[in-house]
**Student:** 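Dropping a structure here in structure tokens format, bear with me for questions.
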There are 4 protein chains.
Amino acid sequence: MSGVSNDKHSAILDAAYTLFGSGGFYETKMSQVAEQAGIAKGTVYLYFKSKEELFMAVTRRDCEGFLQQLDGKLQARHSLTDKLAVIAEHHLFYYYERKQHTKLFFRAPNNNPELVAYMALFMEQYMQAVVKVLLEGGATEPELMAQSYIGMLDRLKMDILFDASFTAADALKRAHFAGRLFISGAMDNLHPSEG
Amino acid sequence: MSGVSNDKHSAILDAAYTLFGSGGFYETKMSQVAEQAGIAKGTVYLYFKSKEELFMAVTRRDCEGFLQQLDGKLQARHSLTDKLAVIAEHHLFYYYERKQHTKLFFRAPNNNPELVAYMALFMEQYMQAVVKVLLEGGATEPELMAQSYIGMLDRLKMDILFDASFTAADALKRAHFAGRLFISGAMDNLHPSEG
Amino acid sequence: MSGVSNDKHSAILDAAYTLFGSGGFYETKMSQVAEQAGIAKGTVYLYFKSKEELFMAVTRRDCEGFLQQLDGKLQARHSLTDKLAVIAEHHLFYYYERKQHTKLFFRAPNNNPELVAYMALFMEQYMQAVVKVLLEGGATEPELMAQSYIGMLDRLKMDILFDASFTAADALKRAHFAGRLFISGAMDNLHPSEG
Amino acid sequence: MSGVSNDKHSAILDAAYTLFGSGGFYETKMSQVAEQAGIAKGTVYLYFKSKEELFMAVTRRDCEGFLQQLDGKLQARHSLTDKLAVIAEHHLFYYYERKQHTKLFFRAPNNNPELVAYMALFMEQYMQAVVKVLLEGGATEPELMAQSYIGMLDRLKMDILFDASFTAADALKRAHFAGRLFISGAMDNLHPSEG
DNA sequence: GATGAATGAGCCTTCATTCAT
DNA sequence: CATGAATGAAGGCTCATTCAT
């Protein structure tokens, strides 16, 4: 029963994910989504109330997948170092696999409070997942540290997204680099003679 | 001071900065820019060929200001630690002062190659400024380290942008935190007992 | 008769024919066309990609009608004199019936190569139809003669277009005059005493 | 005194003649006219009240020149045949010399009653000049005959305007053809065996 | 007279959304 | 449920004209 309608629901989400991801919110037309999903334009509105709501749904599905996968991977690891490594690898590989969908993260609708709220929620959840790991390690400022770690990873992902020649091995290298830097700091690598 | 014709050019840039910053590219109407600048719609087009070109000009002015100010501040410092601190403070205070203009960084026109190219150039220049500091400190992987530091700062700025209650003192605290974490790593703060 | 969807297509062509014909290309607004056709502005664009394409379609339909009707009438006549008479009558009555649509022929969009090409094609086809008749009569310079005949008719139509008091009988009289003059020349009518 | 201002007046007319002629009324911008005339945009309005009035003035100057030259040439000829030949040559060579300015005749502003009236006046005057010649020859329907002759010439000019490879000799050949056809009719050239 | 910066009315076109079938 | 033809609001941009200098 719900199988058939879910099929269409998913087809729309998949189509929208592809199109929003490669073209961004404003450049993607509802008619393109319908065509890509193999259905009529009006049908999209039977499943999603508006273009913005569709974008929300795409984003939500994507973010939830991100968090769930992370959760699963973390449960298999037990040392702090391992867990931080898992986070780094997850973050970088997640975007590595989504090279083609950069616009999903950069070109969202501007003035949608619901989306803004959801993105804040997602960030909070992601951060809390990292905080939890750090608290197990006894961190004193876990939130700032979590934000910092995530921030490092997020910037290190940029070349992966925009440089087509990046390989999985490059991504892995960056994950290790990030883990090491975060744990030990830059000092190991520096000779802080006065400039 | 610098001439009457500059007045109107600047007025448009200022108006566009405010509006693009608070509403994003797509939500901002050229008529609003004109109204905010206190001129007629057609006049905007005497100074900027199109809406996209205006957005580019706003972005360029903003980014150039960011880099120039950073440069000036770095020249006054001499130790590596001081320079890293300056970078952190600059990054966080720059956005602190631009709380009202979030959208400028997040809601750009989607398919403008010129803008994409410019943003890549800006990021490269910012990174190279940090790389230079790190090289003076003898860093071996300066680019990855620079990206990581910038990433940390960029994430730490988020709350500043979106939480209206943040104060300058909060920003300063985060700057110090980031500097410390980057230099020494998280280990100082952790008790990595195996989970 | 020929389908519901054709109804709207035709309604737009009819409306555009009337408006372009009385106001010309530039003075006619797409909103007027829609209003005259009794549909919404956007609907026009479901049938015609642009204002220029709509003008082309109107022109093409009109010219094709002109040539087809001429062809039909010529097949019913067999002597050269009759055929020339038919051409003259067709030319003059065609415009007589289109008194209200002068501008269609005079006020086309300026720089549309497709339209220019089509008008050249139309003129060529019209001329060839006349050439064919003249060749059957053994003419030696059929193209120049055809152009000349058409030119006579085209000028004689002018008063018909612009003088509201012209009657069908006036048009017929002119058709006969043109045929006679073309066949026999002015000399019959002149007394070429040296001035 | 009036010399200097006449200079500017003429410069504007010359510029407008060139631009209207090659681009048509709607595609020609007042700023282009000013630039081509080597003066400021506002200055054009010191000499001509509006774009339409400027177009009128250009047209009027051109048409008056046409009629005056024709008049001069006719006075030098005395036989009817000569005069008709002069008319044909004048008509065809006039356009031959204006190959580059086709748009002046085809792309006029649409709804300007003053222009429509002037063009009608011009046509009347041209026709009367021909009528006068024909009356001297004793014609009985001089107006229709004049219109017919002018129409022939006008159509024969078309290839001259649009075919870049046309030479002055081609134009002359057509002029002779038109004169002959008009005087003697097509019959000389035809073998009106029944189709 | 000459300038050219400024004006603002006006139009083509797009596209999210609706609704009769 | 599905369709897709129809809608109409909305906005970027042009350009003839004006007027303060």
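Remember, predicted model here, so these are calculated numbers, not experimental data. Each chain gets a letter, A, B and so on, in the order its sequence line appears, and its residues count up from 1.
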**Student:** Whole angstroms only, please: what is the CE-P distance between M30(A) and dT7(F)?
**Tutor:**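 Nearest whole value for this atom pair: 21 Å.
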**Student:** Determine whether more than 12 heavy atoms belonging to other residues, nucleotides or ligands lie under 6.0 Å from atom CD of E64(C).
**Tutor:**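 Yes, because the 6.0 Å sphere around CD of E64(C) holds more than 12 heavy atoms from other groups.
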**Student:** Counting only side-chain nitrogens and oxygens, does Y47(C) get under 4.0 Å of the OP1 or OP2 atom of dA6(F)?
**Tutor:**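 Yes, such a contact exists.
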**Student:** Could you go step by step and tell me if E27(D) and Y26(C) meet the side-chain hydrogen bond (donor to acceptor under 3.5 Å, both in side chains) rule?
**Tutor:** CA-CA 11 Å; E27(D) 269 70 13; Y26(C) 291 97; 2.6 Å; yes
**Student:** Does CD in E124(A) sit with more than 12 non-hydrogen atoms of other residues, nucleotides or ligands closer than 6.0 Å?
**Tutor:**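 Count over threshold, so yes.
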**Student:** Picking from dG4(E), dC13(F), dA2(F), which would you name as closest to the side chain of K8(A)?
**Tutor:**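 Shortest atom-to-atom distance from the side chain points to dA2(F).
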**Student:** Give the rounded distance in Å between these two atoms: CZ of F48(C) and C1' of dC12(E).
**Tutor:**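 To the nearest whole Å, that distance equals 16 Å.
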**Student:** Choose from dT7(E), dT13(E), dA16(E) the nucleotide whose nearest atom is closest to any side-chain atom of K51(C).
**Tutor:**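 Closest nucleotide among those given: dT13(E).
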**Student:** In whole angstrom, give the distance that lies between atom NZ of K49(C) and atom P of dC12(E).
**Tutor:**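 So the NZ-P distance, K49(C) to dC12(E), works out to 17 Å.
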**Student:** Between L46(A) and L46(B), which has a closest nucleotide on DNA chain F that is more 5'?
**Tutor:**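 First, find each residue's nearest nucleotide; the 5'-ward one identifies L46(A).
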**Student:** Taking it one step at a time, do D14(C) and R61(C) satisfy side chain to side chain contact (heavy atoms under 4.5 Å, CB included)?
**Tutor:** CA-CA 10 Å; D14(C) 292 345; R61(C) 187 179 70 161; 2.9 Å; yes
**Student:** Specify the separation, in whole Å, of atom OH of Y26(B) and atom P of dT14(E).
**Tutor:**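 Whole-Å distance recorded here is 16 Å.
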**Student:** Hey, which of these two, V44(B) or G42(A), hits DNA chain E nearer its 5' end, going by closest nucleotide?
**Tutor:**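 Between the two, 5'-proximity favours V44(B).
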**Student:** Think K29(C) has a side-chain N or O under 4.0 angstrom from the OP1 or OP2 of dG10(E)?
**Tutor:**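 Answer is no, no contact under 4.0 Å.
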**Student:** The test is side chain to side chain contact (heavy atoms under 4.5 Å, CB included); show your working for F55(C) and T28(C) and say whether it passes.
**Tutor:** CA-CA 10 Å; F55(C) 190 90; T28(C) 298; over 6 Å; no
**Student:** Spell out yes or no: do the side chain of K41(B) and the base of dG10(E) have one donor N/O and one acceptor N/O closer than 3.5 Å?
**Tutor:**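 Answer is yes: a donor-acceptor pair is held.
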**Student:** Could you provide the dot-bracket string of DNA chain F, using ( ) for intrastrand pairs, [ ] for crossing pairs and | for bases paired to another strand, with Watson-Crick or G-U pairs below 3.5 Å?
**Tutor:** .||||||||||||||||||||
**Student:** Flag the pair F66(B) / F122(B) as yes when their ring centroid distance falls below 6.0 Å, and as no otherwise.
**Tutor:**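 When the ring centroids of F66(B) and F122(B) are compared, they turn out to be within the sub-6.0 Å range.
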**Student:** Please lay out, stage by stage, how M30(C) and L54(C) fare under the test side chain to side chain contact (heavy atoms under 4.5 Å, CB included).
**Tutor:** CA-CA 10 Å; M30(C) 287 301 261; L54(C) 176 58; 4.1 Å; yes
**Student:** Expressed in angstrom and rounded to an integer, what is the separation of L54(D) atom CG from dC15(F) atom P?
**Tutor:**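 Rounded to whole Å, this separation is 16 Å.
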**Student:** Specify the separation, in whole Å, of atom CD of E35(C) and atom C1' of dT7(F).
**Tutor:**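 Value for this atom pair: 15 Å.
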**Student:** Return whichever of T43(B) or T43(A) has its heavy-atom-nearest nucleotide of DNA chain F closer to the 5' end.
**Tutor:**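 It is T43(A), whose closest nucleotide lies nearer the 5' terminus.
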**Student:** Without decimals, in angstroms, what is the distance between F25(D) CZ and dC15(F) P?
**Tutor:**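 Taking CZ of F25(D) and P of dC15(F), I get 13 Å after rounding.
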**Student:** Kindly point out which of dT7(F), dT3(E), dT3(F) is positioned nearest to the side chain of A40(C)?
**Tutor:**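 Output: dT7(F).
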**Student:** In whole angstroms, how far is the P atom of dA5(E) from the NE2 atom of H9(B)?
**Tutor:**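 Rounded to whole Å, this separation is 14 Å.
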**Student:** Tell me whether K51(C) forms a cation-pi arrangement with F25(C), defined as NZ or CZ under 6.0 Å from the six-membered ring centre and within 45 degrees of its axis.
**Tutor:**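 That pair qualifies as a cation-pi contact.
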**Student:** What nucleotide, of dT18(E), dA16(F), dT14(E), holds the atom closest to the side chain of Y45(A)?
**Tutor:**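 In terms of side-chain proximity for Y45(A), the closest of dT18(E), dA16(F), dT14(E) is dT18(E).
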**Student:** Should S31(B) be listed as having a side-chain N or O under 4.0 Å from OP1 or OP2 of dG11(F)?
**Tutor:**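 Looking at the OP1 and OP2 atoms of dG11(F), neither is under 4.0 Å from any side-chain N or O of S31(B).
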